[in-house]
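Read through the structure below, which is laid out as structure tokens, and then see the notes.
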There are 2 protein chains.
Amino acid sequence: MRESKRSSGATAPPRRRRDGPRTVELGLLNQRLGYFVRRLQVWIFQDFISRLAAIDISPAQFSVLAVIHANEGLSQSELAATLGIERARLVRLLHRLEQRALLRRLPSCADGRRHALRLTREGERVLARAKALSDRHEDELVRRLGPERYRMLLETLREF
Amino acid sequence: MRESKRSSGATAPPRRRRDGPRTVELGLLNQRLGYFVRRLQVWIFQDFISRLAAIDISPAQFSVLAVIHANEGLSQSELAATLGIERARLVRLLHRLEQRALLRRLPSCADGRRHALRLTREGERVLARAKALSDRHEDELVRRLGPERYRMLLETLREF
DNA sequence: TATTGTTATACTCTATAACTATA
DNA sequence: TATAGTTATAGAGTATAACAATA
């Protein structure tokens with residue numbers, strides 16, 4: 001790693017040493033993929049949230065609607081496991097979407113413990129609108145990254 | 001987008017329709033880079049946290065130590081701006097690290113309002129240990145992604 | 001016994017606003 | 001007046017544990 005020289009701590013910082021450097025160095029972080037993944041993720045969330053603010057749909061809510069749409073009748077446990085959300089957290093998340101009449105928790109015919117999740121008509125409409133808005137978010141990512149790098153990123157991360 | 005057919009909602013799901021599908025589809029999320037960026041970020045944090053649990057250093061604390069190490073004497077505002085952390089949150093973060101004697105908030109000679117941040121000897125030692133442990137985390141990422149894709153990801157995200 | 005949905009708790013993170021002391 | 005550090009607050013996310021109903 002080419003960071004080894006600086007990480008010894010003895011070599012001189014890049015700018016003026018007096019008090020507070022104006023150009024702040026990332027140091028070790030330059031060799032940490034996680035740092036840059038987090039920065040990208042923060043940017044993506046901010047852009048996504050602002051674009052979907054008009055319909056008041058968060059990234060988590062979007063993912064919930066999308067997965068229910070693609071798997072009508074699935075249970076809360078299955079949904080939670082798919083999205084990596086705690087069952088306990090999902091309860092409140094679904095409760096709010098149900099209050100907004102975007103989905104319903106129907107009794108499962110086969111298993112009395114389960115709920116079968118379904119989007120309402122309004123839920124489908126909101127999801128369609130959310131898709132349109134988030135398509136523009138995706139377009140912005142393509143524009144910033146370039147189409148080839150965007151594709152490459154999407155495929156690489158999808159496999160991970 | 002090859003998701004357009006399914007997103008119409010009319011075509012049949014991939015598995016049994018009866019009650020709860022075992023194979024849960026991601027639907028729209030397959031075309032959302034942010035979804036996969038978040039999943040990678042969650043995996044990275046979990047791996048990082050478990051590897052550095054022995055020295056009780058979180059990702060945020062690691063980034064703070066690394067940037068102070070690389071920019072001795074910088075102020076809290078500069079640090080906050082660099083890492084995208086709120087000044088208000090940084091206060092508590094630094095307080096704990098100072099309690100653990102990993103860093104000190106020295107009075108800035110030039111500006112009475114500022115603190116000049118410095119790692120202590122112990123702080124440098126802990127950072128060195130954190131670097132060693134997180135190097136293994138990074139190795140694991142290289143192993144999972146393959147060296148070429150790791151390099152490509154790091155360079156792409158660094159530029160973003 | 002084990003699982004599903006639920007409630008409750010605690011801790012972290014994020015986003016604000018407001019205060020103080022310095023400039 | 002503006003900025004640096006601080007305090008306080010509220011909302012969301014994460015991680016648990018425990019409980020009732022059901023399997």
Side-chain angles (χ1 to χ4, degrees), chain A residues 19-20 22 24 38-39 41-46 48-50 52-53 56-64 68 73-99 103-117, chain B residues 19-20 22 24 34 38-39 41-50 52-53 56-64 68 73-99 103-117:
Chain A
D19 202 73
R22 283 287 97 192
V24 182
R38 180 181 163 272
R39 298 220 66 137
Q41 208 246 277
V42 167
W43 185 92
I44 285 177
F45 262 49
Q46 285 175 344
F48 189 98
I49 290 168
S50 68
L52 275 75
D56 193 27
I57 293 292
S58 70
Q61 290 173 327
F62 177 75
S63 65
V64 163
I68 295 177
L74 90 168
S75 71
Q76 296 185 192
S77 289
E78 289 169 326
L79 179 57
T82 301
L83 293 176
I85 298 175
E86 289 295 319
R87 272 181 319 164
R89 197 196 144 212
L90 194 56
V91 172
R92 195 176 302 186
L93 209 51
L94 291 174
H95 188 61
R96 293 189 192 169
L97 293 172
E98 197 174 26
Q99 279 182 321
L103 59 84
R104 279 198 288 176
R105 290 188 256 207
L106 305 167
S108 168
C109 4
D111 189 331
R113 297 169 300 181
R114 295 182 167 218
H115 290 163
L117 301 172
Chain B
D19 200 75
R22 282 287 96 190
V24 182
R38 179 182 164 273
R39 297 220 66 138
Q41 208 247 277
V42 167
W43 185 92
I44 285 177
F45 262 49
Q46 286 175 344
D47 187 72
F48 189 98
I49 289 167
S50 68
L52 276 76
D56 194 25
I57 293 293
S58 71
Q61 290 172 326
F62 177 74
S63 64
V64 163
I68 295 176
L74 91 167
S75 71
Q76 296 186 191
S77 289
E78 289 169 325
L79 179 57
T82 301
L83 293 177
I85 297 176
E86 289 295 320
R87 272 182 318 166
R89 199 197 142 210
L90 194 56
V91 172
R92 196 174 303 187
L93 210 50
L94 291 175
H95 189 62
R96 293 189 192 170
L97 293 173
E98 196 174 25
Q99 279 182 320
L103 58 84
R104 278 199 288 176
R105 293 189 255 207
L106 304 167
S108 168
C109 5
D111 189 332
R113 297 169 299 181
R114 294 184 168 218
H115 290 163
L117 300 173

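Residue numbers begin at 1 in each chain, while the letters A, B, ... track the order of the sequences. Fair warning: this is a prediction, and the values are worked out from it, not measured in the lab.
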- prompt: When you check the phosphate oxygens OP1 and OP2 of dA12(D), does a side-chain N or O of Arg96(A) lie under 4.0 Å from one of them?
  reply: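 Yes, within the criterion.
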
Using atom [atom1] of [X] as one end and atom [atom2] of [N] as the other, report the distance to the nearest whole Å.
X	N	atom1	atom2	result
Ile85(B)	dA15(C)	CD1	C1'	14 Å
Leu97(B)	dT12(C)	CG	P	13 Å
Ile49(B)	dC11(C)	CD1	C1'	13 Å
Leu106(A)	dG5(C)	CG	P	13 Å
Leu83(A)	dG13(D)	CG	P	12 Å
Phe45(A)	dC13(C)	CZ	P	16 Å
Arg92(A)	dT7(C)	CZ	C1'	9 Å

With sequence neighbours excluded, residues passing salt bridge (Lys or Arg N to Asp or Glu O under 4.0 Å) with Arg113(B):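 Result, salt bridge (Lys or Arg N to Asp or Glu O under 4.0 Å) vs Arg113(B): Asp111(B).
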
message: Checking Arg105(B) now: which residues fulfil salt bridge (Lys or Arg N to Asp or Glu O under 4.0 Å) with it, not counting sequence neighbours?
response: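 So Arg105(B) forms a salt bridge (Lys or Arg N to Asp or Glu O under 4.0 Å) with Glu98(B).
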
Glu78(B) bridged to Arg87(B) by N-O distance under 4.0 Å: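 The answer is no: the pair does not qualify as a salt bridge.
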
- request: Return the set of residues passing ring-ring contact (aromatic ring centres under 6.0 Å, His included) with Phe62(B) (not counting sequence neighbours), or none when no residue passes.
  value: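 Per chain and number, Phe62(B) pairs via ring-ring contact (aromatic ring centres under 6.0 Å, His included) with Phe48(B).
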
task: Kindly give the heavy-atom pair with the smallest separation between Leu83(A) and Ser63(A), and that separation in Å.
output: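 Nearest heavy atoms, Leu83(A) then Ser63(A): CD1-OG, 3.6 Å.
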
- request: For Pro59(A) and Ile49(A), work out which heavy atoms get closest and say how close.
  value: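 Looks like CD-CG1, 3.7 Å.
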
- request: Using side chain to side chain contact (heavy atoms under 4.5 Å, CB included) as the criterion, list what pairs up with Ala60(B), not counting sequence neighbours.
  value: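 Scan of Ala60(B) (side chain to side chain contact (heavy atoms under 4.5 Å, CB included), adjacent residues dropped) gives Ser58(B), Arg89(B), Leu93(B).
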
query: Nucleotide by nucleotide, 5' to 3', does protein get under 4.0 Å of the base (B), only the sugar-phosphate (S), or neither (-) in nucleotides 2-7 of chain D, counting heavy atoms?
result: BBBBBB

message: Rounded at 0.5 Å granularity, tell me how far CD in Gln41(B) sits from CD1 in Ile44(A).
response: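 Here the interatomic distance stands at 10.5 Å.
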
- request: Report yes if some heavy atom in the side chain of Gln76(A) is under 4.5 Å from a heavy atom in the side chain of Leu117(A); otherwise report no.
  value: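 Yes, close enough: below the 4.5 Å cut-off.
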
message: Using heavy-atom distances to pick each residue's nearest nucleotide on DNA chain C, tell me which of Leu93(B) and Glu86(B) is more 5'.
response: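 Nearest nucleotide further toward 5': that of Leu93(B).
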
query: At what angle, to 10 degrees, do the two end axes of the helix from dT1(C)-dA23(D) to dA23(C)-dT1(D) meet, given five pairs define each axis?
result: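 The end axes of the helix from dT1(C)-dA23(D) to dA23(C)-dT1(D) are about 0° apart, to the nearest 10°.
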
